[in-house]
K.L.:
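There's a structure below that I have some questions on.
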Amino acid sequence: MDLLEPFSTRVDLREGLLGNGVHRLSRRISDMRGMFQDEQAWAEIAAQGDPLVYEVFVAPAPESEGHLCHGVTVLHPGRVGDEYFMTKGHYHQKSGTAEVYYGLRGNGLMMLQTRWGIWRTVDIAPGTVVYVPPHWGHRSINTADEPLVLLFAYPGDAGHDYGTIESSGFARLIVARNGRPTLVENPSYTAEDPG
Ligand code: S6P
Ligand code: ZN
């Protein structure tokens, strides 16, 4: 039997997850080509400083069956045009795997969607636990002026499918209207055919 040594990590609400072996991934505006509706605004922001949109800090749990991958996402505040900063969003490659998120700091929402275009939003704030059931694609959106910090855990063998969201998007967008987060239809969304 492969026996992994128990370990702990520490969450810092500004710096993310800290500890030995924590892996840090950063996505800047330039890494998110095609994800925001206003392509001109995206290009201007990418050319003028290319700010960090989010960072993911992953604890050193193996990405394999039986393990729980876990970590912290720090999603910075900002907008591209009137669309709030958000994560790329993905489905799990192994579609029947779920995920849990726990809000640590800030305010925002999770956008959830099935491949056939059923969508839901769930608010997330400090103390909120969001359950992402199997088969739902998910994206986090920061609707506030401070970082949105989320703890997450998902099965180690879940895997990530980014391609579906990259090519089809989500059915709804969250944009600022009169300073308030508002749900609008995504004109470029295409659902998969349920067959
Ligand atoms: C992984 C989990 C999170 C996201 C992170 C960044 O299953 O949902 O760790 O990876 O919030 O989002 P994304 O869409 O770039 O992976
Ligand atoms: Zn996920």
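When a ligand or atom number is given, it counts from 1 through the structure's own listing order.
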K.L.:
Of the protein's non-hydrogen atoms, which lies at the shortest distance from atom 2 (C) of ligand 1, and what is that distance?
P.N.:
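Ranking protein heavy atoms by distance from atom 2 (C) of ligand 1, first comes Glu99 OE2, 2.7 Å.
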
K.L.:
Can you tell me the protein heavy atom closest to atom 10 (O) of ligand 1 and the distance?
P.N.:
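Ranking protein heavy atoms by distance from atom 10 (O) of ligand 1, first comes His90 CE1, 3.7 Å.
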
K.L.:
Against heavy atoms of Phe152, which atoms of ligand 1 measure under 4.0 Å?
P.N.:
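Checking each atom against Phe152, I get 9 (O).
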
K.L.:
Between Arg115 and Tyr91, is NZ or CZ placed under 6.0 angstrom from the six-membered ring centre and within 45° of the ring axis?
P.N.:
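The answer is yes; both the distance and angle limits are met.
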
K.L.:
Which ligand 1 atoms are under 4.0 Å away from a heavy-atom of Arg27?
P.N.:
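What qualifies from ligand 1 is 15 (O).
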
K.L.:
If you count every heavy atom of other residues, nucleotides or ligands that lies below 6.0 Å from Gln93 atom CD, does the total exceed 12?
P.N.:
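Yes, CD of Gln93 has more than 12 neighbouring heavy atoms, counting only those of other groups under 6.0 Å.
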
K.L.:
Determine whether the aromatic ring centres of residues Tyr154 and His160 are separated by less than 6.0 angstrom.
P.N.:
yes

K.L.:
What's the atom name of the N, O or S in Glu99 nearest to the Zn ion (ligand 2)?
P.N.:
OE1

K.L.:
Students should be able to answer this: which protein heavy-atom is nearest to atom 14 (O) of ligand 1, and at what distance?
P.N.:
Gly89 N, 2.8 Å

K.L.:
For atom 11 (O) of ligand 1, what is the closest protein heavy atom, and at what distance to 0.1 Å?
P.N.:
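Protein heavy atom with the smallest distance to atom 11 (O) of ligand 1: Thr73 OG1, 2.9 Å.
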
K.L.:
Return a yes/no value for Ser140: is any of its N or O atoms, backbone included, closer than 3.5 angstrom to an N or O of ligand 1?
P.N.:
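It does not: no N or O of Ser140 is found under 3.5 Å from an N or O of ligand 1.
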
K.L.:
Around atom 16 (O) of ligand 1, find the nearest protein heavy atom and jot down its residue, atom name and distance.
P.N.:
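Minimum-distance protein heavy atom for atom 16 (O) of ligand 1 reads Tyr162 OH, 2.5 Å.
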
K.L.:
Is His92 close enough to touch ligand 1? Criterion: a residue heavy atom under 4.0 Å from a ligand atom.
P.N.:
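The answer is yes: ligand 1 sits under 4.0 Å from a heavy atom of His92.
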
K.L.:
Which atoms form the tightest heavy-atom contact between Pro181 and Tyr84, and what is the distance?
P.N.:
N-OH, 3.3 Å

K.L.:
Any idea which atoms of ligand 1 are less than 4.0 Å away from a heavy-atom of Val56?
P.N.:
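Listed by number with element, the hits are 5 (C), 6 (C).
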
K.L.:
Under a 4.0 Å N-O cut-off, is there an ion pair linking Asp50 with Arg28?
P.N.:
no

K.L.:
In the protein, what heavy atom is nearest to atom 3 (C) of ligand 1, and what distance, to one decimal place, separates them?
P.N.:
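Looking at atom 3 (C) of ligand 1, the protein heavy atom closest to it is Tyr101 OH, 3.4 Å.
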
K.L.:
Considering the heavy atoms of His138, write down every atom of ligand 1 situated less than 4.0 Å from one of them.
P.N.:
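In order of number, 8 (O).
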
K.L.:
Quick one: look up the protein heavy atom nearest atom 12 (O) of ligand 1 and list residue, atom name and how far away it is.
P.N.:
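The closest one turns out to be Thr87 CB, 3.5 Å.
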
K.L.:
What angle sits at the Zn ion (ligand 2) between NE2 of His90 and NE2 of His138, to 10°?
P.N.:
90°

K.L.:
What protein heavy atom sits nearest atom 15 (O) of ligand 1, and how far off is it?
P.N.:
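Of every protein heavy atom, Tyr54 OH, 2.5 Å lies nearest to atom 15 (O) of ligand 1.
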
K.L.:
Using side-chain heavy atoms (C-beta onward) and a distance below 4.5 Å, is Tyr189 in contact with Arg172?
P.N.:
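No. Closest side-chain heavy atoms not under 4.5 Å.
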
K.L.:
Would you say Met111 and Ile141 make side-chain contact, with heavy atoms under 4.5 Å?
P.N.:
yes

K.L.:
Find out whether Leu18 and Thr9 are in side-chain contact, i.e. whether some heavy atom of one side chain is under 4.5 Å from a heavy atom of the other.
P.N.:
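Counting from C-beta outward, Leu18 and Thr9 never come under 4.5 Å.
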
K.L.:
Rounded at 0.5 Å granularity, tell me how far OH in Tyr102 sits from CD1 in Ile124.
P.N.:
10.0 Å

K.L.:
Do Glu146 and His76 have side-chain atoms, one donor and one acceptor, less than 3.5 Å apart?
P.N.:
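Per modelled atom types, Glu146 and His76 side chains form no pair under 3.5 Å.
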
K.L.:
Please work out, at 4.0 Å between heavy atoms, whether the side chain, the backbone, both, or neither of Arg139 comes within that distance of ligand 1.
P.N.:
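Within the 4.0 Å criterion, Arg139 makes no contact with ligand 1.
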
K.L.:
Pairs of nitrogen or oxygen atoms closer than 3.5 Å, one from Tyr154 and one from ligand 1: do any exist?
P.N.:
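Tyr154 vs ligand 1: no N/O contact under 3.5 Å.
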
K.L.:
Side chain of His67, backbone of Glu65: donor and acceptor closer than 3.5 Å?
P.N.:
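No, because the side chain of His67 does not come within donor-acceptor range (under 3.5 Å) of the backbone of Glu65.
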
